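Remarks on the structure that follows.
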Amino acid sequence: MSHLRLPPDTHMAPHSTSLCFSGTLCFTRLPPLPLFSSSALSLPVSRQFTSFRSIRMSSSSSSIDSVPSPPDNAIVLGCGGIAVDFLATVDSYPQPDDKIRSTSLKVQGGGNAANALTCAARLGLTSRLISKVANDSQGKGMLEELEEDGVDTSFLVVSKEGNSPFTYIIVDKQTKTRTCIHTPGDPPMLPADLSQSSMLSALDRANIVYFDVRLHETALVIAKEAGRKKIPILVDAEKKRDGLDDLLQFADYVVCTAKFPQVWTEASSTPGALISMLLRLPKLKFVIVTLGEEGCLMLERASKAEVLQSQETDIESLVETLTHRKDSTTTFPTCVSSETTKLKADGIGTVSGRLFLGTAEKIPPDELLDTTGAGDAFIGAVLYAICAGMPPEKMLPFAAQVAGCSCRALGARTGLPHLTDPRLVPFLV
């Protein structure tokens, strides 16, 4: 299917929906949304700023000139979600039948894959996105915003009819949480929408491929070709979705949310679930579970050369030991890790590997504005770190810092930092 460019004066309203963010927030069914121009999308986006080893990142100031260049011509290809986000900040989440006023409103691009690739592009990677939008003003705005950030949109499919995906996001100032209400794009993306030649061009010279599992049928076709070309694959396992199990079979790296490992493996604990994931997915090199303000936990499989005939170590006890060893006095992200050892989980099995415990940045309450897209920012930084060859001890604090930067502004992309941001420099030297 050829890629269509959007006519400058094309207008098509999306589906009607149940929420409207104007002066008030009303729980009632509404007619279709008013049309808005690309200027209403705030384009361009504003730039806001056993034995163990403990790795502590220096908080001392460093010269921006010392920031290493991004990996030469490193290319990340992503396939997945794209959307327009309507973000309304409220003093507190409304009760049923309430009518409340929003304290602020922001409209900008969103979607897991689009956010993560925007982050990777700002960090210096060449980012390519495969997704689908409609031939409407929202679609045009999304393309313009991505292109402004340096994301290659030439592989996006544009439907002549239908609506582009969009999401209503309620940001609760009281609880520092956000609630998302998503309307998928229509018609949905199918493998036939992406020609073989376009797919091969998108994969050309790619260093890594990333899937958020939103477009699972198309993603699986791309994953099979990436596997044939031996291109590493990272999968964002946010929750159980159609096609996720198939995609995980191709994954070299997995980043997942706090609840996912236990839900997917039915293990009784997160550490045990990580062992189960490595046993079920023999290609997997590492899995990271993000834990919000508690940081993250990562299990890395040992290479054949590192496999030791050492005594087995209970992974639950190891996590407890690492927790006691982490530095809880610092505000910036840190990481502690084990040596390579045999890790066991009762009733599950044993794997040889290393365990890493990363901390999150301690953000002052008056600076924490919105956690929307923090996980996407973390993944964007992990994609950069893999391409840059960062060891896990550096990758986890770096990714946590990037995610922390994103939480200081409204929306998933406003606060995404560039590589030269002074807040990132200590993690790159």
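Since the model is a prediction, treat every value here as computed from it, not as a measurement.
- No hydrogens or angles considered: nothing links the side chains of Q262 and S269 as a donor-acceptor pair under 3.5 Å.
- Ring geometry, F427 versus F332: the interplanar angle exceeds 60°, so the pair is classed perpendicular (tilted spans 30 to 60°).
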Step by step, work out the side-chain hydrogen bond (donor to acceptor under 3.5 Å, both in side chains) result for N163 and D186.
-> CA-CA 5 Å; N163 69 274; D186 185 63; over 6 Å; no
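- Between W264 and F260, the two ring planes are parallel [angle under 30°; tilted spans 30° to 60°].
- Between I363 and C407, the shortest heavy-atom distance links the atoms CD1-CB, 4.0 Å.
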Using the side-chain hydrogen bond (donor to acceptor under 3.5 Å, both in side chains) rule, take N73 and R205 through it: C-alpha gap first, then chi angles, then the decisive distance, then the call.
-> CA-CA 9 Å; N73 302 316; R205 297 176 291 110; over 6 Å; no
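- Here the options are E300, E393, E339, the test is side-chain hydrogen bond (donor to acceptor under 3.5 Å, both in side chains), and the partner is R354; only E393 passes.
- Here the two rings, on F250 and F211, have centers that are 6.0 Å apart or farther.
- Using cut-offs of 30° and 60° on the angle between ring planes, the pair Y384 and F398 is tilted.
- Salt-bridge annotation for E148 and R413: absent, with no side-chain N of the basic residue lying under 4.0 Å from a carboxylate O of the acidic one.
- In this structure, K362 places its NZ atom where more than 12 heavy-atom neighbours from other residues, nucleotides or ligands lie under 6.0 Å away.
- The pair E367-R408 counts as a salt bridge, with a side-chain nitrogen and a carboxylate oxygen less than 4.0 angstrom apart.
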